[in-house]
Amino acid sequence: MTTKAINLTTNCLQIESAVRDVPAACADFGGLLGAAPIEQELVRRISGVVLDIDHRGCGDAVFQFCSPLTENIFTAEELRRVGGPCVTNLTFFVDDAPAARDILEGAGATTRLAWRTASGSWLRFLGEGNAKPDDALAEGFYMGTRHLFGFDFEFSEAPWIDAAKQRYMYPAFTYPRPQIDDKVRRLARLRVLVDDLDHYLGNIERLFSAEDRTDAYGHDSGPEARSARVALRGLELEYVQPHRGGQLYDDLLRRGPGITTAVFAVDDLASWPQATFPRRDVLGFDIELTAVEPAFGARPAPAPSAHGNEGAPHGA
């Protein structure tokens, strides 16, 4: 029987990390790469209830840092499971959130959090006449999919009618977006450490629509690991399965499958004192730099307004 597939309607909204100290994480990210505040109307709406939350833009993507204000939420559970900060999930909008939940539950995922998007004054940031009617605002879900994808998956449906008219959220690699004077050109990829390369790649290809992902490419095998890449709406995921023995394998045994590294492209790699920056204990992920790839092209002009965001996780 053919498995139904999830249809994404946006690029990645947020790359979410569970951290112990949100201001410290934001300051560290800003000091190292020039990451700066973004989507602050959204942050003001969702922070301070069960999570301390802030968003930083860097490399034309949005990073969400979360610290738990209660111990019975998944962010606190992940901090305990890993023993420190970690990337918990990727967030997208989909065309049918309940259907996506059903697909994932059918594949063995669990619903760790569910909510219904509530109307409010925040809808004005979507643009005049651009918000969906109250009764069309969707449910949202945070699904335990680490054993399927190497990360949990959070999603709802877009609350706007026309994405081009809103300045509330800024999905990765969509333009125009606010001016951020970061020190990198673009987020090149996320590295995902896994125990079975074919299993995780197969789940991405099986559970996401072919229109929203690539097939696996860039297969490689070396003395330390096997690897291959796949992209979801332009966000490249580099899956790495370490061979037994060695630091990567020990890391996998200690922390389990997960996103370990954000790789950023820079214009002048030689000008940096080093290409790798261990930051997992603060940000939830390490940072690696690579040379700009020709396919990235020039960075587009910024949005005319610096206020804006594009996502609505955690009860939005």
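In this text, all values refer to a predicted model and were calculated from it rather than measured experimentally.
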| note | Looking only at heavy atoms, the pair that brings Pro23 and Asp52 closest together is CD-OD2, 4.1 Å
| message | Check whether Phe173 forms a cation-pi arrangement with Arg186 (NZ or CZ under 6.0 Å from the six-membered ring centre, at most 45° off the ring normal). | response | yes
| With Arg229 via side chain to side chain donor-acceptor pair (under 3.5 Å) - residues at least two apart | Glu236
| task | State, with a plain yes or no, whether a side-chain heavy atom of Phe63 is found less than 4.5 Å away from one of Cys58. | result | yes
| Between Phe277 and Leu289, does a side-chain contact (heavy atoms from CB on, under 4.5 Å) hold up when you go through it step by step? | CA-CA 9 Å; Phe277 298 86; Leu289 304 180; 3.8 Å; yes
| In one Ile/Leu/Val/Met/Phe/Trp/Tyr side-chain cluster, 4.5 Å: Ile46, Leu69 | no
| What residue among Val19, Ile38, Val43 forms side-chain contact (heavy atoms from CB on, under 4.5 Å) with Asp54? | Val43
| said: Looking at every non-hydrogen atom in both residues, tell me the closest pair between Thr70 and Asn72 and how far apart they are. | reply: OG1-OD1, 2.6 Å
| said: Nearest 0.5 angstrom please: Gln14 CD to Glu154 CD, how far? | reply: 7.0 Å
| task | Supply the atom-to-atom distance Glu78 CD to Glu16 CD, rounded to the nearest 0.5 angstrom. | result | 10.0 Å
| Listed by chain and number, what are the side-chain contact (heavy atoms from CB on, under 4.5 Å) partners of Glu71, not counting sequence neighbours? | Ala76, Arg80
| task | With sequence neighbours left out, write down each residue that passes side chain to side chain donor-acceptor pair (under 3.5 Å) with Asp195, or none if nothing qualifies. | result | Tyr200
| task | Keeping the roles fixed (side chain from Glu205, backbone from Ala216), state whether a donor-acceptor pair exists under 3.5 Å. | result | yes
| For the atom pair CG (Asp60) and CG (Leu187), what is the distance rounded to the nearest 0.5 Å? | 9.0 Å
| field | Centroid-centroid distance, Phe208 to Phe92, less than 6.0 Å | value | no
| query | Given the rule that I, L, V, M, F, W and Y join up when any side-chain heavy atoms are under 4.5 Å apart, are Val194 and Val240 in one cluster? | reply | no
| said: Under 4.0 Å between a side-chain nitrogen and a carboxylate oxygen: does that hold for Arg213 and Asp215? | reply: yes
| message | List the residues meeting side-chain contact (heavy atoms from CB on, under 4.5 Å) with Ala231, not counting sequence neighbours, and say none if there are none. | response | Thr214, Tyr217
| request: Check side-chain contact (heavy atoms from CB on, under 4.5 Å) between Leu197 and all other residues, then give those that pass, not counting sequence neighbours. | output: Leu201, Arg226, Ala228, Tyr239, Gln241
| message | Looking at every non-hydrogen atom in both residues, tell me the closest pair between Pro159 and Leu126 and how far apart they are. | response | O-CD1, 3.6 Å
| query | Charged N to carboxylate O below 4.0 Å: is that the case for Asp96 and Lys4? | reply | no
| said: Within the structure provided, determine whether Val22 and Cys66 are in side-chain contact (heavy-atom separation under 4.5 Å). | reply: no
| field | No-hydrogen, no-angle side-chain donor-acceptor test under 3.5 Å, Thr9 and Glu157 | value | no
| request: Give, for atom CD1 of Ile287 and atom OG1 of Thr276, the distance between the pair rounded to the nearest 0.5 Å. | output: 10.5 Å
| message | Just to verify, what does Arg191 make a salt bridge (charged side-chain N to carboxylate O under 4.0 Å, His left out) with, not counting sequence neighbours? | response | Glu238, Glu288
| said: Quick check on Glu224: does its CD atom have over 12 non-hydrogen neighbours (other residues, nucleotides or ligands) under 6.0 Å away? | reply: no
| task | Flag the pair Val192 / Ile259 as yes when at least one side-chain heavy-atom distance between them is below 4.5 Å, and no otherwise. | result | yes
| side-chain contact (heavy atoms from CB on, under 4.5 Å) between Asp152 and Thr88, worked out | CA-CA 6 Å; Asp152 285 345; Thr88 54; 5.5 Å; no
| Sub-6.0 Å ring centroid separation between Trp272 and Phe264 | no
| message | When you compare the side chain of Thr75 with that of Val50, does any pair of heavy atoms fall below 4.5 Å? | response | no
| field | For Val292 against Ala265, the heavy-atom pair lying closest together | value | CA-CB, 3.9 Å
| Is any side-chain heavy atom of Asp268 less than 4.5 Å from a side-chain heavy atom of Val266? | no
| query | Is there a donor-acceptor pair under 3.5 Å between the side chain of Lys132 and the backbone N or O of Ala158? | reply | yes
| So, does Asp286 use its side chain to make a donor-acceptor pair with the main chain of Arg279 at under 3.5 Å? | yes
| query | Does Val263 belong to the same Ile/Leu/Val/Met/Phe/Trp/Tyr cluster as Val184, with side-chain heavy atoms less than 4.5 Å apart forming each link? | reply | no
| remark: Separation between CG (Asn203) and OG1 (Thr145), nearest 0.5 Å, reads 9.5 Å
| query | Pick one: which of Phe153, Phe155, Phe141, Trp160 meets ring pair (Phe, Tyr, Trp, His ring centres under 6.0 Å) with Phe93? | reply | Trp160
| request: For Leu32 and Leu283, run side-chain contact (heavy atoms from CB on, under 4.5 Å): C-alpha distance rounded to whole Å, both residues' side-chain angles, the deciding distance at 0.1 Å, then the answer. | output: CA-CA 11 Å; Leu32 180 61; Leu283 304 178; 5.7 Å; no
| request: Check whether any side-chain heavy atom of Leu190 lies under 4.5 Å from a side-chain heavy atom of Leu235, and answer yes or no. | output: yes
| message | To check you understand the geometry: which heavy-atom pair defines the closest contact between Ala18 and Leu79, and what is its length? | response | O-CD2, 3.7 Å
| said: Assess the residue pair Asp250 and Gln247 against the criterion (side-chain contact (heavy atoms from CB on, under 4.5 Å)); give the C-alpha distance rounded to whole Å, side-chain angles, the decisive distance to 0.1 Å, and a yes or no. | reply: CA-CA 5 Å; Asp250 290 345; Gln247 183 177 344; 5.6 Å; no
| If you group Ile, Leu, Val, Met, Phe, Trp and Tyr by side-chain heavy-atom gaps below 4.5 Å, do Leu13 and Leu113 land in one group? | yes
| message | So His147 and Thr110, do their side chains get closer than 4.5 Å, heavy atoms only? | response | no
| Any donor-acceptor N/O pair, Ser67 side chain to Arg20 backbone, under 3.5 Å | yes
| query | Does Leu148 share a hydrophobic cluster with Val82, counting links as ILVMFWY side-chain heavy atoms below 4.5 Å and allowing steps through other members? | reply | no
| message | Is it the case that the side chain of Ser209 and the backbone of Ala5 share a donor-acceptor pair, with hydrogens and angles ignored and the cut-off at 3.5 Å? | response | no
| note | In short, Leu237 meets Leu90 closest at the heavy-atom pair CD2-CD1, 4.3 Å
| said: Return the CG to CZ distance between Leu33 and Arg56, rounded to the nearest 0.5 Å. | reply: 13.0 Å
| request: May I ask you to test the His243-Ser221 pair for a side-chain heavy-atom distance under 4.5 Å? | output: yes
| said: Main chain of Arg233, side chain of Asp212: is a donor-acceptor contact present, judged purely on distance under 3.5 Å? | reply: no
